[in-house]
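All values below come from the heavy atoms of this structure, side chains included, with hydrogens, waters and symmetry mates left out.
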Amino acid sequence: MDDDVWAGLADQFADEAYASVKGMVRTYVMHRQLLEHLPPPPASVLDVGGGAGHQSFPLAQAGYDVTLLDSSPAMLDKARQRLARLPGDARDRVALLEADGEDAAAVTGGRTFGAVLCHGVLGYAGDPEPLMTQLCRCAAPGGIVSVMTGNAHAMAVRPALERRWEDALASFGARTETGVLGAPSRADTVEELSDLLRARDAEPVAWYGVWLFADWLEFSGARLDPSDAKAVAAQAEVELEASRRDPYRQLSRVFHLIGRRN
């Protein structure tokens with residue numbers, strides 16, 4: 001029996017979501033945020049639940065040594081397709097591993113990394129603690145742990161923008177929802193994950209929003225053209241600035257938390 005729960009979503013996730021304006025904004029904004037905290041290349045990066053490599057392959061192109069770990073064979077197939085399109089020197093800096101994130105330390109042989117990424121994964125774990133333990137265990141002393149996940153303080157944003165008023169009212173204080181890909185997910189708070197980092201010998205150093213205006217436009221019915229490179233670049237710069245500032249970052253439906261291993 002095929003137990004790859006992402007098999008039916010791989011095309012939608014890798015080929016459609018990341019090709020949208022919101023996907024481009026996410027990749028750009030998080031890349032810029034990461035570069036503020038990453039050790040210089042050729043430091044090692046472990047991307048846990050890295051999917052098709054949209055966030056970590058640009059790091060390989062920038063000179064980092066990347067290990068992408070994912071439990072989904074379908075997602076890893078997408079990663080291989082995208083990897084084949086990278087320049088040869090970048091391809092040589094990427095390794096792919098099929099494994100669950102909660103086994104990361106074991107399947108990497110106890111190796112530690114200069115940075116451990118886990119973006120868009122934690123919300124699909126019923127309990128965040130085992131995965132957070134693995135992320136911190138895989139980070140080298142002084143290395144960073146980068147987590148992007150749903151913002152429990154902003155759960156009413158999407159249903160309100162979609163004018164689902166009863167759902168929006170019920171979302172205040174909620175922790176779970178069916179995401180835009182149709183899969184159920186859970187949200188966390190910066191404060192809770194910061195406490196989990198501290199309990200695992202890592203210190204929170206920064207947190208950001210990821211996108212804001214892209215949601216407002218998309219869910220209100222605006223059509224954004226991903227082929228309009230000039231407009232996308234301009235929007236991405238605005239989203240990057242908003243991601244660093246209050247109150248804008250607090251309204252982002254997802255947040256990006258950076259910790260550093262003591």
Side-chain angles (χ1 to χ4, degrees), residues 17-38 54-55 58 117-123 128 144-165 167-181 185-197 203-226 228-260:
Y18 275 99
S20 69
V21 171
K22 185 186 293 185
M24 294 176 181
V25 164
R26 165 182 166 160
T27 301
Y28 175 79
V29 167
M30 294 191 67
H31 185 73
R32 289 285 301 274
Q33 292 165 350
L34 282 168
L35 291 180
E36 294 180 11
H37 301 280
L38 286 171
H54 287 85
Q55 202 70 61
L117 318 183
C118 187
H119 301 156
V121 178
L122 202 64
I144 71 164
V145 176
S146 169
V147 178
M148 188 276 278
T149 195
N151 180 7
H153 292 317
M155 293 291 283
V157 170
R158 178 186 165 205
L161 291 173
E162 293 178 332
R163 304 177 192 179
R164 295 186 284 113
W165 303 117
D167 291 341
L169 190 60
S171 294
F172 290 104
R175 286 305 186 101
T176 60
E177 67 170 356
T178 299
V180 293
L181 293 176
S185 62
R186 178 189 49 76
D188 296 286
T189 70
V190 172
E191 297 81 6
E192 290 165 349
L193 295 193
S194 294
D195 286 343
L196 292 183
L197 285 174
E203 186 64 28
V205 295
W207 77 271
Y208 307 93
V210 178
W211 64 73
L212 179 63
F213 305 112
D215 264 350
W216 293 3
L217 291 166
E218 177 184 309
F219 292 135
S220 66
R223 299 293 182 183
L224 304 180
D225 182 3
D228 188 344
K230 184 176 180 180
V232 172
Q235 180 175 342
E237 288 298 333
V238 172
E239 298 274 16
L240 177 62
E241 191 63 28
S243 76
R244 298 166 168 161
R245 294 174 177 263
D246 290 326
Y248 304 102
R249 65 175 182 167
Q250 297 169 339
L251 296 172
S252 176
R253 290 194 307 115
V254 298
F255 64 85
H256 182 198
L257 175 63
I258 302 285
R260 189 173 301 281

Min side-chain heavy-atom separation [X]-[Y] under 4.5 Å:
X: Leu197; Y: Leu257; answer: yes
X: Thr176; Y: Met155; answer: no
X: Glu36; Y: Ile258; answer: no
X: Leu193; Y: Phe255; answer: yes
X: Arg32; Y: Tyr208; answer: no

Asp228 and Lys230: CA distance, side-chain angles, deciding distance, salt bridge (charged side-chain N to carboxylate O under 4.0 Å, His left out) verdict: CA-CA 6 Å; Asp228 188 344; Lys230 184 176 180 180; over 6 Å; no

His256 versus Ser146, side-chain donor and acceptor atoms under 3.5 Å: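 The criterion, which ignores hydrogens and geometry beyond distance, is satisfied for His256 and Ser146.
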
Can you check whether [Y]'s main-chain N or O pairs, donor with acceptor, with [X]'s side chain at less than 3.5 Å?
X: Thr27; Y: Met24; result: no
X: Glu162; Y: Ser220; result: no
X: Glu239; Y: Gly209; result: no
X: Thr189; Y: Glu192; result: yes
X: Asn151; Y: Ser252; result: yes
X: Arg244; Y: Arg249; result: no

Carboxylate-amine/guanidinium contact Asp225 Arg223, below 4.0 Å: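 Salt bridge flag = no for Arg223 with Asp225.
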
Closest approach of [X] and [Y], non-hydrogen atoms and distance?
X: Ala160; Y: Ala168; value: N-CB, 3.8 Å
X: Ser171; Y: Ala156; value: CB-CA, 3.7 Å
X: Leu217; Y: Leu224; value: CD1-CD2, 3.9 Å

Starting at [atom1] of [X], measure out to [atom2] of [Y] and round the result to the nearest 0.5 Å.
X: Arg164; Y: Leu169; atom1: CZ; atom2: CG; answer: 13.0 Å
X: Trp211; Y: Gln235; atom1: CH2; atom2: CD; answer: 12.0 Å
X: Leu212; Y: Gln250; atom1: CG; atom2: CD; answer: 11.0 Å
X: Arg253; Y: Phe219; atom1: CZ; atom2: CZ; answer: 4.0 Å
X: His54; Y: His31; atom1: NE2; atom2: NE2; answer: 14.5 Å
X: Leu117; Y: Leu38; atom1: CG; atom2: CG; answer: 7.0 Å

Which residues share a side chain to side chain contact (heavy atoms under 4.5 Å, CB included) with Met148, sequence neighbours left out: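 Met148: side chain to side chain contact (heavy atoms under 4.5 Å, CB included) contacts with Arg26, Met30, His119, Val210, Val254.
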
Stepwise salt bridge (charged side-chain N to carboxylate O under 4.0 Å, His left out) check, Lys22 with Asp215: CA-CA 8 Å; Lys22 185 186 293 185; Asp215 264 350; 2.5 Å; yes

For Tyr248, all residues meeting ring-ring contact (aromatic ring centres under 6.0 Å, His included), sequence neighbours excluded: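 By the ring-ring contact (aromatic ring centres under 6.0 Å, His included) rule, Tyr248 matches no residue at all.
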
Greater than 12 external heavy atoms within 6.0 Å of Arg245's CZ: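 No, CZ of Arg245 has 12 or fewer neighbouring heavy atoms, counting only those of other groups under 6.0 Å.
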
